[in-house]
Amino acid sequence: MTSAVPALKRALRDVLRQLFPNARVSYGPPQSLADVMAAVTTASVRHERPTAGGPTRSREEIADIEVVLSCFTAGDGESWDDAQQEATEAAYDMLDVLEDHFRDRTAATLGGACRDAIVSSHELAEYKTDADGYASGRIGEITATITCRTRI
């Protein structure tokens, strides 16, 4: 096995579908927009601690996989502040659900795809939508990093 990342991304997508049944969930960037979205996006990998043995010895793969949680709230003019607050709080509600999921030790293995997974960090971005063809409003978007440890 060269990397566990494809299996981890697939397992994360399935978790997101289970946790957020009303969201548009995608493996990679979404193809179309929705008010509530969750996407499994990029991954960065490092290897450490190879086991003793010959050229086929296993090693620890640590994958940091980004999950984007995005919420839109309509609003324009003076209602933008309220819309932004609502969108940001909705994104944080999604993050809370995701973090709670990984507190369950059996869920933290992603169905056996890894030995351990945890939400290790997150970043918030806030946007306004004002492009032609899109509803006016605000977006709260959290990029959560899920750190997965797998012996490969």
Side-chain angles (χ1 to χ4, degrees), residues 1-47 60-152:
M1 173 187 296
T2 58
S3 178
V5 168
L8 293 169
K9 285 186 69 167
R10 189 172 49 251
L12 278 168
R13 180 207 51 208
D14 293 346
V15 164
L16 294 176
R17 284 180 177 162
Q18 176 188 10
L19 295 176
F20 310 113
N22 297 324
R24 175 161 295 140
V25 176
S26 66
Y27 180 114
Q31 292 188 11
S32 59
L33 299 177
D35 288 355
V36 180
M37 296 188 306
V40 181
T41 60
T42 62
S44 63
V45 175
R46 60 192 182 278
H47 294 123
E60 183 81 0
E61 181 175 78
I62 301 164
D64 290 324
I65 302 174
E66 290 186 349
V67 170
V68 178
L69 308 170
S70 180
C71 296
F72 168 82
T73 300
D76 59 9
E78 291 180 17
S79 66
W80 272 4
D81 284 345
D82 293 340
Q84 187 63 70
Q85 179 182 347
E86 206 174 301
T88 298
E89 288 176 359
Y92 270 99
D93 288 344
M94 290 178 75
L95 178 63
D96 288 346
V97 169
L98 187 62
E99 287 180 327
D100 286 348
H101 173 78
F102 286 110
R103 285 191 174 100
D104 178 350
R105 185 68 191 125
T106 57
T109 66
L110 289 170
C114 64
R115 190 175 68 254
D116 185 63
I118 189 169
V119 178
S120 57
S121 66
H122 77 273
E123 215 174 285
L124 170 67
E126 296 172 312
Y127 307 100
K128 67 178 184 173
T129 59
D130 56 6
D132 289 337
Y134 293 102
S136 292
R138 304 294 274 189
I139 296 171
E141 185 174 275
I142 293 177
T143 302
T145 301
I146 314 298
T147 299
C148 305
R149 294 181 179 275
T150 309
R151 179 65 71 176
I152 60 169

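Numbering starts at 1 and runs along the sequence shown. Every heavy atom of this structure was used, including side-chain atoms; hydrogens, water molecules and symmetry mates were not.
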Chi angles and distances behind the side chain to side chain contact (heavy atoms under 4.5 Å, CB included) call for V45, I62: CA-CA 6 Å; V45 175; I62 301 164; over 6 Å; no
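- Side-chain atoms of T129 come within 3.5 Å of backbone N or O of G137 as a donor-acceptor pair.
- Heavy atoms only, all atoms of each residue included: A117 and C114 are closest at CB-SG, 3.9 Å.
- Contact of the R105 side chain with the D116 side chain is registered, since non-hydrogen atoms from C-beta on lie closer than 4.5 Å.
- The number of heavy atoms from other shown groups lying within 6.0 Å of CD (E126) is above 12.
- Interatomic distance, R138 CZ to Y127 OH, rounded to the nearest 0.5 Å: 12.0 Å.
- A 4.5 Å side-chain heavy-atom check between Y92 and L124 finds at least one atom pair inside the cut-off.
- A donor-acceptor contact shorter than 3.5 Å is absent between the side chain of T88 and the backbone of Q85.
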Stepwise salt bridge (Lys or Arg N to Asp or Glu O under 4.0 Å) check, R24 with D35: CA-CA 8 Å; R24 175 161 295 140; D35 288 355; over 6 Å; no
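- Within the 3.5 Å criterion, the main-chain N or O of V5 finds a donor-acceptor partner in the side chain of S3.
- Put simply, the side chain of F102 reaches to within 4.5 Å of the side chain of I146, judged on heavy atoms.
- Enclosure of atom CD1 in I118 is not indicated, since only 12 or fewer non-hydrogen atoms of other residues, nucleotides or ligands lie within 6.0 angstrom.
- Shown here for T109 and T106, the closest heavy-atom pair between the two residues is OG1-O, 3.1 Å.
- Distance check, rounded to the nearest 0.5 Å: CD1 of I139 to OG1 of T73 gives 9.5 Å.
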Full working for side chain to side chain contact (heavy atoms under 4.5 Å, CB included) between E123 and I142: CA-CA 6 Å; E123 215 174 285; I142 293 177; over 6 Å; no
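- At a threshold of 4.5 Å between non-hydrogen side-chain atoms, the residues H122 and L95 count as touching.
- Taking both residues in full, the closest heavy atoms of C71 and M94 are given as SG-SD, 3.5 Å, listed atom of the first, atom of the second, then distance.
- Annotation: side chain of L110 is in contact with side chain of L8 (closest heavy-atom distance under 4.5 Å).
- Across every non-hydrogen atom of G28 and A39, the tightest pair is O-CB, 3.6 Å.
- Looking only at distances, no side-chain donor or acceptor of T42 sits under 3.5 Å from a matching main-chain atom of E66.
- Residues H101 and F20 keep their aromatic ring centres 6.0 Å or farther apart.
- Panel note: side chain S120, backbone T145; a donor-acceptor pair is recorded below 3.5 Å.
- Looking at every heavy atom in both residues, Y27 comes nearest to R10 through CE1-N, 3.6 Å.
- Between E60 and R115 a salt bridge is recorded (basic side-chain N to carboxylate O distance below 4.0 Å).
- Not one N or O on the side chain of R13 forms a donor-acceptor pair closer than 3.5 Å with the backbone of V40.
- Under the 3.5 Å distance criterion, the side-chain polar atoms of E61 are matched with a main-chain donor or acceptor of A4.
- Pairing each heavy atom of V119 with each of A144, the nearest pair is CG1-CB, 4.3 Å.
- With values rounded to the nearest 0.5 angstrom, D64 atom CG is found 8.0 Å from C148 atom SG.
- Note that CG of L19 is 6.5 Å distant from CG of L98, once rounded to the nearest 0.5 Å.
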